[in-house]
Amino acid sequence: MRVQITKQYTNFLSQLATPQELARNLRRADDFIRLGVVAGYETIRPIRETKEITAERCGLILGTSFGPMETNFDVLDQVVNDQPTSPILFSHSVFNSTAGYMATSLDIKGCGLTVTDFAFPFFRALEHGYLTIVSGRLDCCLVIQVETYSTLLQESKNRFSTESKNSEWPAGVVCWLLENTDTTQDNRYSIKSLSIESSTSMDCDYLPFKEELTVNAHTAVTSDPLGSSVLLTAAMNEQPQRSSLQCNITAPYGAVNIHLHT
């Protein structure tokens, strides 16, 4: 069995456009939900145009470091100020609400799971998605990381992170579609191995989010929660395409090793 990455999508909130087909369902959605649903739609739509995907055999795993933080603060403001709390706003403050929106909007019935972790949320979601396919429970799975931030978080990050002081993390999304295939197709990458190691770290290490990513012989340093997943996705789409990508990510809070091959 091969678990192949058949489609990837990255985007940032500043450049996000909501497709007309999703406009009605997302009319009250916050930025966190919009990013997730639009990314899932743009990732799985081209595949559905060429073949049938059984809803019960398709799942989604969403990873995030901070979730809908600004929406959480909006709800807390209403509570603290003794105002009526909006049921819609409260439901959107729940971390798993985006997975629910995605499942209903994209007709995904296999599973919907949200993984929250400061350390490598995309790759933890990727591990879950990979294992659900290898176990035979799913034929395909959307793996996604969504990040939006609050003003308070940005200010705290600038206070503790001298290297990226006064720079804002861009809210955005990374999404991959994993599929179970018997043979490789169109030189798409398959996951050969994936391991995640955690190490004891100070809480303040998560604010700089300094991660060193090495893909084959090229090394880059990122300083935002989406950085490593964005860079790895870009490396997969470089031309000419390489037959193998060995990616190592190191940070004060752990390490990721992933090997992709065509």
Side-chain angles (χ1 to χ4, degrees), residues 3-55 57-64 67-68 92 96-115 121-123 125-126 128-130 133 138-148 170-181 185-189 191 224-239 241 260:
V3 178
Q4 201 168 43
I5 306 161
T6 56
K7 185 70 177 176
Q8 314 101 42
Y9 174 90
T10 62
N11 206 347
F12 296 98
L13 182 61
S14 60
Q15 302 167 1
L16 191 71
T18 302
Q20 186 61 38
E21 298 89 335
L22 301 175
R24 180 170 180 174
N25 287 346
L26 298 180
R27 66 189 185 279
R28 295 183 177 179
D30 65 3
D31 292 337
F32 191 83
I33 292 171
R34 287 199 308 116
L35 280 164
V37 175
V38 172
Y41 174 82
E42 297 291 358
T43 303
I44 204 170
R45 177 180 54 84
I47 305 299
R48 280 182 165 156
E49 289 176 352
T50 60
K51 65 180 179 181
E52 182 179 355
I53 294 179
T54 304
R57 299 286 296 172
C58 182
L60 68 95
I61 313 291
L62 187 149
T64 185
H92 291 174
N96 206 39
S97 61
T98 299
Y101 263 86
M102 291 179 66
T104 55
S105 300
L106 308 178
D107 191 27
I108 294 175
K109 300 179 181 179
C111 72
L113 176 67
T114 298
V115 178
F122 178 79
F123 297 98
L126 181 64
H128 280 287
Y130 173 80
I133 293 177
L138 298 176
D139 294 326
C140 62
C141 186
L142 286 171
V143 174
I144 184 168
Q145 181 183 359
V146 184
E147 300 295 349
T148 57
V173 61
V174 175
C175 187
W176 292 3
L177 178 64
L178 307 184
E179 291 191 78
N180 169 21
T181 58
Q185 302 174 14
D186 302 328
N187 293 322
R188 293 166 178 167
Y189 286 106
I191 299 174
D224 77 86
L226 277 169
S228 291
S229 53
V230 169
L231 287 177
L232 179 56
T233 304
M236 294 167 61
N237 292 311
E238 286 181 354
Q239 297 297 330
Q241 187 183 48
L260 307 177

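Computed from a predicted model, the values in this text were never measured in an experiment.
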Only counting residues at least two apart or in another chain, list the ones meeting side-chain hydrogen bond (donor to acceptor under 3.5 Å, both in side chains) with Thr54.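 Listed in chain order: nothing, the list is empty.
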Restricting to side-chain hydrogen bond (donor to acceptor under 3.5 Å, both in side chains), what partner residues turn up for Arg34, sequence neighbours left out?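 Checked Arg34 against side-chain hydrogen bond (donor to acceptor under 3.5 Å, both in side chains); matches are Thr18, Asp31.
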Main-chain N/O of [Y] paired to [X] side chain as donor or acceptor, under 3.5 Å:
{"X": "Gln145", "Y": "Pro225", "result": "yes"}
{"X": "Thr148", "Y": "Ala171", "result": "no"}
{"X": "Asn96", "Y": "Ala99", "result": "no"}
{"X": "Ser105", "Y": "Met102", "result": "no"}
{"X": "Arg27", "Y": "Arg24", "result": "yes"}

Check whether more than 12 heavy atoms from other residues, nucleotides or ligands sit under 6.0 Å from atom CZ of Arg45, and answer yes or no.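 Atom CZ in Arg45 is crowded, with more than 12 foreign heavy atoms closer than 6.0 Å.
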Within a radius of less than 6.0 Å around CD of Glu21, do more than 12 heavy atoms belonging to other residues, nucleotides or ligands occur?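 For Glu21, atom CD is crowded (more than 12 foreign heavy atoms under 6.0 Å).
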Any donor-acceptor pair under 3.5 Å linking the side-chain atoms of Gln8 with those of Thr233?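 No.
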Is there a side-chain contact between Glu42 and Pro19, using heavy atoms and a 4.5 Å cut-off?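 In short, these two side chains touch, coming nearer than 4.5 Å.
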Under the side-chain contact (heavy atoms from CB on, under 4.5 Å) test, which residues partner Thr43, sequence neighbours left out?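 Lys7, Tyr9, Leu142, Cys175, Leu177.
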Verify ring pair (Phe, Tyr, Trp, His ring centres under 6.0 Å) between Phe32 and His92, making sure each step is shown before the conclusion. CA-CA 9 Å; Phe32 191 83; His92 291 174; over 10 Å; no
